[in-house]
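Taking it in order: structure first as structure tokens, then the write-up.
Protein chains get the first letters and strands the later ones, always in sequence-line order, with residue 1 at the start of each.
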Amino acid sequence: MSENTVKTADTGITMGGNFIHDIIDQDLADHKYSREITTRFPPEPNGYLHIGHVKAICIDFGTAMKYGGKCNLRYDDTNPAKEEEEYVGSIEGDIRWLGFQWNQLNYASDYFPKMYECCEELIRKGKAYACQMTPDDIKNSRGTLTEPGKNSPYRDRPAEESLQIFHDMRDGKYGDGEVCIRAKIDMASPNMNMRDPVIYRVLHVTHHHTGDRWCVYPIYDFAHPIEDAIEGITHSLCSLEFEDHRPLYNWVLESLDWPEPPQQIEFAKLNLSNTIMSKRYIRKLVESGVVEGWDDPRLCTIAGMRRRGYTPEGIKNFVMAVGVSKANSNIDMSQLEFFIRDDLKDKTESRMVVLHPLKLIIDNYPEGQTEWLPVENKAGDESKGTHEMPFSRELWVEQEDFMEVPAKKYFRLFPGNEVRLKGAYFVTCNSVVKDENGNVVELHCTYDPDTKSGTPGADARKVKGTIHWVDAGSCIDIPVREYGYLAQYNEETGYNEFDPNSKTDLTAKAEPFLKEIAPGERVQFFRNGYYIADAVLSKPGAPVFNQIVGLKSSWKPEAK
RNA sequence: AGGGGUAUCGCCAAGCGGUAAGGCAGUGGAUUCUGAUUCCACCACCCGGGGGUUCGAAUCCCUCUACCCCCGCCA
């Protein structure tokens, strides 16, 4: 068994596989590099980071950490037409929130002078040339997947001529698309990327970082290996679709005679079921106003997950458990939810909140009387202490905790059945009141004064059900938003499409103690899951709660 | 015969010639003042199909099949 395959971290989380570690171990054994292991996370600043990027971030930063090396954050901003400053700040904040610290913060655009020189060098060496075919002609002469392309008529022009044109390009003497610099490789290569790829283009666009200093910009395939080499990257980790680009990546560095060049290693992207991962589509949702913004809690952006209440630890544990491989995968949402729940269960306290209220009246409890009862802050965890809850004759309980005609193995409230009110007394349901439509609107019960929690009577006999409740006279109303699936699979289109209805607004009845929850704090609602007080929308005294994840339940109504 | 990848349980994922790890999901049970948590147990005679090599293969060879990526002056 490889040392790097199965590993239990300090957290007890089982790690998925990671073939990258095997490669690096070998490189280390071979003394391939005279510098320390260095990686980079190179986002293009054209959108917010999402769960897919988290995997890349964990791999890039995690690999550097594992080998005691460094990881740089680098904005891959070689195309000014598609990038904006707005995203730059969010990216740094998101990475910091995840808990990673970069070594250097770089802009690929800061390397434009060096890249320009490298291009000159290739031209001088006869490995690149200025091509004045139109974009359409270049496209048409490239050939197809099964047919070779044709050489550009400019392919063999003198290096000095190409060099002069390149300088003129830089000096603004050409318009967009009039001329470009192409690598001279092989128009008959079965790898389309090697058919004299364009490496520099004219673009009269203001760059968010370099302004109007340049009107020529390098193409990714030429820029990236140079960026990596400049920074001393040893392992350039990227996703699978760049496998075909690796020969070009290596060609650039070899042609430049770069010593100890970095190597590119590809891994499979993260895909989540029922989730929209495409940056393009997320942008559409944001711009069309279907969602509240890039940080809408229903989105799988880091900002959205943060606002939804997911923890960095939970997310990272999930990513580590998923592992690193080269097989396309589609991971179940339940896997992510498990790790969020798993992380939250020790970090949260429990509060009683009735999402769908049903009035419960204790007929034999004195009218006007209220007693304060201590309730555990966390079930089964005495170290977390207790807090006081008011209890009186009229309460709210959950609608689903009562069934007029009980299903099999249903052991909550139904006529004639006795249950425990969490932290309070045993009650037995005697009768119900219905409205004109036949809906049960009120439960009449009697309680047993000898069964008060904390007294011997509370354990004298067993009841199978324990339900949560809230004092009707003193409870507070809180807005609650429950989020469903982030997206639904549309069979007609074959795509995951955002479900704008995946949000339910409720006004729930909550115990008064919930007032003391601060925005951003997470709590567990009894049997309803984990929630977070929305740090963005909540105002003092009126917290809004977003659902993070629901609790698993081993009882299903079908089991009748 | 374009090229490059990938195929191991419903979903991820170990395995690298010695006779199928683990996690999620699921199932059964114990504990429980949340049907949560915790805790046990079960959950691939088989590794995309078919051949072959071998005492022995998911692991080597041949072949077939399926899926993903590549014809941007995007990244």
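Using a 4.0 Å heavy-atom criterion, one finds that A:Ala458 contacts the bases of the nucleic acid, with or without backbone contacts as well. Residue contacts for A:Asn46: at a heavy-atom cut-off of 4.0 Å it reaches no nucleic acid atom on any strand shown. Within 4.0 Å of A:Leu145, counting heavy atoms only, lies at least one base atom of the nucleic acid. No engagement by A:Val419 is indicated, since no non-hydrogen atom pair under 4.0 Å with the nucleic acid exists. Using a 4.0 Å heavy-atom criterion, one finds that A:His224 contacts no nucleic acid atom at all. Among the atoms of the strands shown, none is found under 4.0 Å from any heavy atom of A:Ile467. Within the 4.0 angstrom heavy-atom criterion, base atoms lie near A:Lys422. Within the nucleic acid shown, A:Ser350 comes within 4.0 Å of at least one base atom, counting heavy atoms only.
Salt bridge annotation for A:Asp448-A:Arg461: present, with a cationic side-chain nitrogen under 4.0 angstrom from a carboxylate oxygen. Using a cutoff of 4.0 Å between basic side-chain nitrogens and carboxylate oxygens, A:Lys384 and A:Glu376 are not scored as salt-bridged. The existence of a salt bridge linking A:Arg40 and A:Glu231 is excluded, since no basic side-chain nitrogen approaches an acidic carboxylate oxygen closer than 4.0 Å. Ion pair A:Glu398/A:Arg412 not flagged as a salt bridge, since none of the NZ, NE, NH1 or NH2 atoms sits closer than 4.0 Å to an Asp/Glu carboxylate oxygen.
Note: CG (A:Asn328) to P (B:rC11) measures 14 Å, nearest angstrom. Distance NE2 (A:His21) to P (B:rG15): 12 Å, rounded to an integer number of Å. Atoms CE (A:Met194) and P (B:rC70) sit 18 Å apart, rounded to a whole Å. Whole-Å rounding puts the A:Asn79 CG to B:rC73 C1' distance at 10 Å. The interatomic distance linking A:Asp221 (CG) with B:rC74 (C1') rounds to 10 Å, in whole Å. What separates NE2 of A:His207 from P of B:rC74 is a distance of 13 Å, to the nearest Å.
OP1 or OP2 of B:rA75 lies within a sub-4.0 Å distance of a side-chain N or O belonging to A:Thr78. The side chain of A:Arg201 contributes no N or O atom lying less than 4.0 Å from OP1 or OP2 of B:rG72. Within the 4.0 Å cut-off from OP1 or OP2 of B:rA25, at least one side-chain nitrogen or oxygen of A:Lys552 is found. Considering only side-chain N and O atoms, A:Thr146 lies nowhere under 4.0 angstrom from the phosphate OP1 or OP2 of B:rG3. Remark: A:Arg195 is not in phosphate contact with B:rG72, judged by side-chain N or O atoms under 4.0 Å from OP1 or OP2. Applying the 4.0 Å criterion to OP1 and OP2 of B:rU38, one finds that A:Lys345 has a side-chain N or O inside that range. Between A:Arg280 and B:rA75 there is no side-chain polar atom (N or O) within less than 4.0 angstrom of OP1 or OP2. The shortest distance between the side-chain N/O atoms of A:Arg527 and the OP1/OP2 oxygens of B:rA36 is not below 4.0 Å. For A:Lys409, no side-chain nitrogen or oxygen approaches OP1 or OP2 of B:rG35 to under 4.0 Å. Remark: A:Ser453 is not in phosphate contact with B:rC33, judged by side-chain N or O atoms under 4.0 Å from OP1 or OP2.
Where A:Gly380 and A:Glu44 meet RNA chain B, the nucleotide closest to each residue was compared, and A:Gly380 sits on the side nearer the 5' end.
Across the C1' atoms, B:rA58 and B:rA7 are found 12 Å apart, a figure rounded to whole Å. Separating the C1' atom of B:rG72 from that of B:rA13 is a span of 35 Å, rounded to the nearest Å. Comparing the C1' positions of B:rC40 and B:rU31 gives an interatomic distance of 11 Å, to the nearest angstrom. A gap of 11 Å separates the C1' atoms of B:rC9 and B:rG26, to the nearest Å. Spacing between B:rG22 and B:rC42 at atom P, rounded to whole Å, works out to 11 Å. Using atom C1' as the reference point in both B:rA14 and B:rG29, the two lie 29 Å apart (nearest Å). Going from the C1' atom of B:rU54 to that of B:rC62 covers 16 Å, rounded to whole Å. The separation of B:rG4 from B:rC46, taken at their C1' atoms, amounts to 30 Å, rounded to a whole angstrom.
The backbone N or O of A:Cys119 lies less than 3.5 Å from no partner atom in the side chain of A:Tyr200, so there is not a single donor-acceptor pair.
The aromatic rings of A:His245 and A:Tyr220 sit perpendicular to each other, their planes meeting at more than 60°, with 30° as the lower class boundary. Note on ring orientation: taking the six-membered ring where Trp is involved, the planes of A:Tyr425 and A:Tyr447 are perpendicular (angle over 60°, cut-offs 30° and 60°).
Judged by distance alone, with hydrogens and angles left aside, A:Gln335 brings a side-chain donor or acceptor within reach of the base of B:rG23, the pair sitting under 3.5 Å. Not a single donor-acceptor pair, N or O on each side, falls under 3.5 Å between the base of B:rG4 and the side chain of A:Asn191. If you check distances only, the side chain of A:His468 never reaches the base of B:rA36 with a donor-acceptor pair under 3.5 Å.
Nearest to the side-chain atoms of A:Met192 among the listed nucleotides B:rG4, B:rC74, B:rC71 stands B:rC71. Taking only side-chain atoms of A:Gln524, from C-beta outward, the nucleotide of B:rC33, B:rA36, B:rA25 with the closest atom is B:rA36. The side chain of A:Phe242 approaches B:rA75 more closely than any other nucleotide in the set B:rA75, B:rU6, B:rA25.
Taken from OG in A:Ser236 to CG in A:Leu253, the straight-line distance is 9.5 Å, to the nearest 0.5 Å.
Base orientation for B:rG56: anti, the chi torsion being more than 90° from 0.
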